[in-house]
Amino acid sequence: MGKYSKEDIIRLVEEEDIQFIRMQFTDIFGQMKNVAITASQVERAVNNQIMLDGSSIEGFVRIEESDQYLWPDLDTFAILPWRPQYGKVARLICDVHNPDGTPFVGDPRGVLKQVIRRAERLGYTFNVGPELEFFLFQTDEDGNPTTKTSDQAGYFDLGPLDHGESTRREICLCLEDMGFEIEASHHEVAAGQHEIDFKYADALAAADNIMTFKLAVKTLAQKNGLHATFMPKPVYGEAGSGMHVNMSLFKNGENVFFDDADPRKLSPLAYQFIAGLLAHVQGFCAVTNPLVNSYKRLVPGYEAPCYLAWSTGNRSALVRIPTPRGQATRVELRSPDPSCNPYLALAACLAAGLDGIEKGMTPPDEIVENLNEMSPAALKAQGIAELPGTLEAAIHALEADSVITDALGPHVTAQYITGKLREWEEYRTQVSQWELRKYLVAY
């Protein structure tokens with residue numbers, strides 16, 4: 001039974017004096033889109049009658065097959081608390097469907113639903129707790145973003161050093177108004193860098209929450225004269241922004257990753273899930289780390305993982321098992337960054353983990369040493385591979401991983417790879433300021 005019925009939505013729109021409703025959806029590259037309607041159209045909206053031109057959305061459909069429909073998930077109805085209280089604005093997160101009523105194969109939310117259904121057939125619920133980092137920068141006199149910050153704070157510092165504290169507080173309060181349970185909020189390592197963690201949820205709700213979170217952060221920062229960015233590595237020489245993904249599988253209300261008899265308190269299923277992640281992380285890296293800039297973050301020395309290893313406490317490992325056990329037992333993947341499309345990223349992670357379970361995979365030995373301080377020879381001796389070093393390498397790894405491409409589906413895979421290769425080619429042909437400084441005089 002859902003939280004809201006059609007009649008509930010219609011009644012709430014009238015009772016709350018809601019004037020506009022944003023029918024939101026996400027394209028395959030993780031950009032939020034919306035069709036805004038007035039309150040008079042709410043009955044059409046809840047009856048799946050709002051159309052969009054899919055040919056205008058990158059990666060969706062061709063111009064000769066452009067008509068598509070937005071089917072709202074009624075349980076995602078929420079009032080946007082940062083909008084005016086007179087003439088309120090609400091949102092509904094939507095699935096994209098074809099005119100014949102079938103789900104559109106290029107809808108990222110639908111891709112995640114497909115993999116979730118696969119887990120459900122095995123009896124599992126996939127829960128996810130994301131940890132998103134972002135930067136708050138000053139804007140110039142024209143309101144354009146800079147990479148400047150007057151912030152002098154460091155990890156866990158607070159005001160007056162932390163100049164973004166008031167904006168971060170406002171973000172937390174607005175998100176709580178929308179039903180989020182905020183678990184932690186703090187300054188991160190770099191100047192101007194912040195993190196807000198919210199409670200885990202089932203994977204679909206978690207992906208919806210990530211998209212809502214990014215919208216709230218950007219909107220409220222702009223309102224306060226700041227620019228928020230989820231770009232993975234905006235400042236040279238500083239730590240980049242990650243999106244650690246904490247994952248667990250539940251069955252009949254119990255966490256199946258926990259086993260009290262194991263020395264690490266991990267079940268065979270947990271080890272298999274870890275092995276699946278490590279087997280496919282190179283293949284899904286182009287999804288969890290989708291930008292040219294993503295690979296400027298994935299370098300040694302800045303806290304981001306580079307090497308395919310797991311550990312119960314070692315934060316230099318790609319996969320870490322946080323301390324809590326029992327119902328809180330979880331597997332943390334530390335490589336993703338917040339520029340990713342969360343629907344595709346979580347679909348890929350779940351598909352990888354399920355492959356590990358279905359094939360009974362065994363992970364390599366736990367690595368307790370600091371991987372960033374190990375020599376190339378030591379890494380090679382222990383058989384520790386690396387993540388792809390560029391977006392191009394990650395794309396080719398994706399093309400070669402049938403488990404991940406099958407999870408994404410042929411339409412999304414083809415459109416995603418085409419778009420990302422175009423992005424790589426555009427980057428590859430640029431002449432950067434670094435090249436001019438390095439070579440213009442010397443040669």
Minimum side-chain heavy-atom gap L318-R334 below 4.5 Å: no
Donor-acceptor side-chain pairing of D262 and Y271 below 3.5 angstrom: yes
More than 12 heavy atoms from other groups under 6.0 Å of CZ on F20: no
Polar side chain donor-acceptor pair, D406 to S402, under 3.5 angstrom: no
Under 3.5 Å side-chain donor-acceptor pair for T167 and N224: yes
Atom pair CG (L226) and OG1 (T146), whose distance is rounded to the nearest 0.5 Å: 9.5 Å
Spatial distance of atom OG1 (T390) from atom CD1 (I395) [nearest 0.5 Å]: 8.0 Å
Matching residue for L249 among L350, N255, T125 - test: side-chain contact (heavy atoms from CB on, under 4.5 Å): L350
Main-chain N/O of T405 paired with T413 side-chain donor or acceptor, under 3.5 Å: yes
Test side-chain contact (heavy atoms from CB on, under 4.5 Å) applied to E195 and D197, step by step: CA-CA 7 Å; E195 179 178 319; D197 304 332; 2.7 Å; yes
Sidechain-backbone polar pair: S311 side chain, A317 backbone, donor-acceptor under 3.5 Å: no
Non-hydrogen atoms of A309 and I367 that approach each other most closely: CB-CG1, 3.8 Å
Pairs satisfying side chain to side chain donor-acceptor pair (under 3.5 Å), at least one member in residues 433-443, at least two apart: S432-E435
salt_bridge(E366, R264) N-O dist < 4.0 Å: yes
Audit row: R117, E120, salt bridge (Lys or Arg N to Asp or Glu O under 4.0 Å) steps and yes/no: CA-CA 5 Å; R117 280 194 283 270; E120 288 173 343; over 6 Å; no
D259 vs P268 side-chain heavy atoms within contact, under 4.5 Å: yes
Separation of T288 OG1 from L298 CG (nearest 0.5 Å): 8.0 Å
Any side-chain heavy-atom pair of E369 and E373 under 4.5 Å: no
Side-chain H-bond candidate by donor/acceptor type, Y416 with N341, under 3.5 Å: no
K265 and D260 ion-paired at < 4.0 Å: yes
Candidate pair N289 and Y295, rule side-chain contact (heavy atoms from CB on, under 4.5 Å), full reasoning: CA-CA 8 Å; N289 306 84; Y295 298 85; 3.7 Å; yes
is_close_aromatic(Y69, H97), centroid dist under 6.0 Å: no
Minimum heavy-atom distance between L387 and S335, given as atom pair plus value: CD1-CB, 4.0 Å
ring-ring contact (aromatic ring centres under 6.0 Å, His included) assessment of F104 paired with H411: CA-CA 10 Å; F104 170 49; H411 179 99; 5.4 Å; yes
Sidechain-backbone polar pair: D142 side chain, N144 backbone, donor-acceptor under 3.5 Å: no
Pair N246, E131: side-chain N/O donor-acceptor within cut-off below 3.5 Å: yes
Working for side-chain contact (heavy atoms from CB on, under 4.5 Å), residues I37 and I50: CA-CA 9 Å; I37 61 171; I50 302 299; 4.1 Å; yes
Side-chain donor/acceptor of W310 to backbone N/O of P364, under 3.5 Å: yes
Residues forming a side-chain contact (heavy atoms from CB on, under 4.5 Å) with T429, sequence neighbours excluded: E425
Heavy-atom closest pair, residues L112 and Y343: CB-O, 3.6 Å
Verdict with reasoning, R22 to V89, per side-chain contact (heavy atoms from CB on, under 4.5 Å): CA-CA 7 Å; R22 290 185 175 181; V89 178; 4.1 Å; yes
Distance-minimising heavy-atom pair for K218 and A228: NZ-O, 2.8 Å
Aromatic ring proximity F250/Y124, centre distance under 6.0 Å: no
Any donor-acceptor pair under 3.5 Å from Q282 side chain to E386 backbone: yes
Contact check, side chains of F134 and K214, non-hydrogen atoms, under 4.5 Å: no
Side-chain touch D208/R109, heavy atoms, less than 4.5 angstrom: yes
Residues, nucleotides or ligands: over 12 heavy atoms within 6.0 Å of D140 CG: yes
Test item: N98 side-chain N/O and D100 main-chain N/O as donor-acceptor pair under 3.5 Å: no
F258 to G326 - nearest heavy-atom pair and separation: CD1-N, 3.2 Å
Donor-acceptor contact present, side-chain T418 to main-chain Q415, <3.5 Å: no
Reported CZ-to-CD1 distance for the pair R168 and I182, which is rounded to 0.5 angstrom: 11.5 Å
Test: K233 and D337 ion pair at under 4.0 Å: no
Main-chain N/O of V96 paired with D107 side-chain donor or acceptor, under 3.5 Å: yes
4.5 Å side-chain heavy-atom contact, I21 and R91: no
Over 12 foreign heavy atoms within 6.0 Å of CG, N252: no
Contact check, side chains of M211 and P342, non-hydrogen atoms, under 4.5 Å: yes
Spacing of F29 atom CZ and S339 atom OG [to the nearest 0.5 Å]: 12.5 Å
Salt bridge present between E332 and R320 (N-O < 4.0 angstrom): yes
Donor-acceptor under 3.5 Å (D401 side chain, V403 main chain): yes
Heavy-atom closest pair, residues V115 and A351: CG1-N, 3.8 Å
CG on L354 to CD on Q272, rounded to 0.5 Å: 11.0 Å
Donor-acceptor under 3.5 Å (T76 side chain, D73 main chain): yes
T149 vs F135 side-chain heavy atoms within contact, under 4.5 Å: no
Criterion salt bridge (Lys or Arg N to Asp or Glu O under 4.0 Å) on R118 and E358, from CA distance to verdict: CA-CA 11 Å; R118 181 179 154 201; E358 290 172 337; 2.8 Å; yes
